[in-house]
*Asks:* 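Structure in structure tokens, see below.
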There are 2 protein chains.
Amino acid sequence: MSARKDNTEEKILDAATTVFVRKGMDGARMQEIADEAGINKALLHYYFRSKDKLFDAIFSKIIGFAFPKIGQILQSDMDFTSKVEQAIDTYIDLLLKYPYLPGFILKEINRDPSVFFKLVMKHGFNIKPILQIISDAMDRGEIVCMKPEHLVVNVIGLCVFPFAARPVISFLAFNEDKAATQAFLEERKQEVKQFVLRAIEPK
Amino acid sequence: MSARKDNTEEKILDAATTVFVRKGMDGARMQEIADEAGINKALLHYYFRSKDKLFDAIFSKIIGFAFPKIGQILQSDMDFTSKVEQAIDTYIDLLLKYPYLPGFILKEINRDPSVFFKLVMKHGFNIKPILQIISDAMDRGEIVCMKPEHLVVNVIGLCVFPFAARPVISFLAFNEDKAATQAFLEERKQEVKQFVLRAIEPK
DNA sequence: GTCTATATTAGGATAGAC
DNA sequence: GTCTATCCTAATATAGAC
């Protein structure tokens, strides 16, 4: 998510991101983060006073990074279906790069929603404009009518769910074959686009 | 999930289910389970030697309960689209009854996939027959052609995701209005059916 | 079978030397 | 800023009385 590991603070943030995303707040251990960063526990507390504060820093970074993506694309002036296609491409590319994000975000959101709420407000994320763009496309007859909220949930769910459920899919459908699972997830870009476009195509 | 609370073991199982589903393995506390069951910690260890063993019992029960549902419906002899409709109805009804299941299962699956793998094998759950039924429907031209795995993932994702992401949806779309969020989730039955049927309808 | 009391360990946090 | 050593609390687990 971030790059340079020159100074200690960056090393800690990178290490904490890795460990928190893998284990979640409850499962993560300060010792493990220190090991991952190549330093000792005391230094973690020197930079970030507590595990809570360190977690907040990481979670905030991730929410600010993952949530605005879709909204950005929908602001452009393409026709609506092209926007949808591009949003799906962009989002699944993001997930292919950070496949543990969905599991992590869903876990933390359910653990303590209030933490998430504060972050959304802090980052000023707003879903209203997105819903409006969808309503307008429906009014113009570009796509079938439905509650815009459902369309948003459908598209995001189709993108996100396979990544959150990856271990299940890998085991049940591909006998834990890593390459086959990866190929399946990459196919999702085409698959979700086709599925959604068929579903929203006006009669 | 289970009913009678006559004997202590049942009380413990019910309490542990409640707490584990709400907090997950990492977040759950034996004290909290004891409180919920109206007994003390020592008795937990008397019935189930360790937290791990108690968790295994709960998780096993839940996997055996939630996973076979969809497969059962697809075995009947309706036309394929009717089966899909009934599967969606049944599954979302289940989720409306146990809305915390998706978050819990996804969390635990990502925490330690091997635990989940063992349980799937123990319960003998198999996805092959489901994929075969879908392939057959495609061969008969009842629905569009696509990889059956993608269709399964799409349908399950559309059903499950809104429940796993409920706090997000509740906050972003409904200002945390409980009733509005609940109504939205109930609408999913109609919504998902329509969405999927449009997407798989042959041209 | 159920309790109280206690042991044990793990893990977050701090003190203090360098 | 970084380390070693240590503290302190929370949490799992056990001993032993009833």
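Chain A is the first sequence line, chain B the second, and so forth, proteins listed ahead of strands; every chain is numbered from 1.
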*Asks:* So which nucleotide from C/dT14, C/dG1, C/dA13 ends up closest to the side chain of A/S50?
*Replies:* C/dA13
*Asks:* Return the value, rounded to whole Å, for the distance between atom CG of B/L54 and atom P of D/dT12.
*Replies:* 11 Å
*Asks:* Mind calculating the distance between NZ (B/K51) and P (D/dA13) to the nearest angstrom?
*Replies:* 8 Å
*Asks:* CG of B/N40 versus P of C/dA5: gap in Å, rounded?
*Replies:* 11 Å
*Asks:* Whole angstroms only, please: what is the NE2-P distance between A/H45 and D/dT6?
*Replies:* 18 Å
*Asks:* Can you identify which nucleotide, out of D/dT2, D/dA13, C/dC3, has its nearest atom closest to the A/Y46 side chain?
*Replies:* D/dT2
*Asks:* Between A/F116 and A/F67, does the ring centre distance come in under 6.0 Å?
*Replies:* yes
*Asks:* Do A/F59 and A/F104 have their ring centres less than 6.0 Å from each other?
*Replies:* yes
*Asks:* B/F184 vs A/H150 aromatic rings, parallel, tilted or perpendicular, using cut-offs 30° and 60°?
*Replies:* parallel
*Asks:* So, OP1 or OP2 of C/dT14: does either fall under 4.0 Å of a side-chain N or O from A/R49?
*Replies:* yes
*Asks:* Nearest-Å distance, CZ (B/F20) to C1' (D/dA11)?
*Replies:* 13 Å
*Asks:* Between B/E142 and B/D79 (side chain of the first, backbone of the second, donor and acceptor by atom type, cut-off under 3.5 Å), is there such a pair?
*Replies:* no
*Asks:* Pick base, sugar-phosphate or nothing for B/A34, based on heavy-atom distances below 4.0 Å to the nucleic acid.
*Replies:* nothing
*Asks:* Which nucleotide in the set D/dA13, D/dC3, D/dA15 lies at the smallest distance from any side-chain heavy atom of A/A42?
*Replies:* D/dC3
*Asks:* From CZ of B/R29 over to P of D/dA13, roughly how many Å is that when rounded to an integer?
*Replies:* 11 Å
*Asks:* Quickly work out the A/K41 NZ to C/dG16 P distance and round it to whole Å.
*Replies:* 18 Å
*Asks:* Nearest whole angstrom, please: distance from the P of D/dA10 to the CG of A/D26.
*Replies:* 16 Å
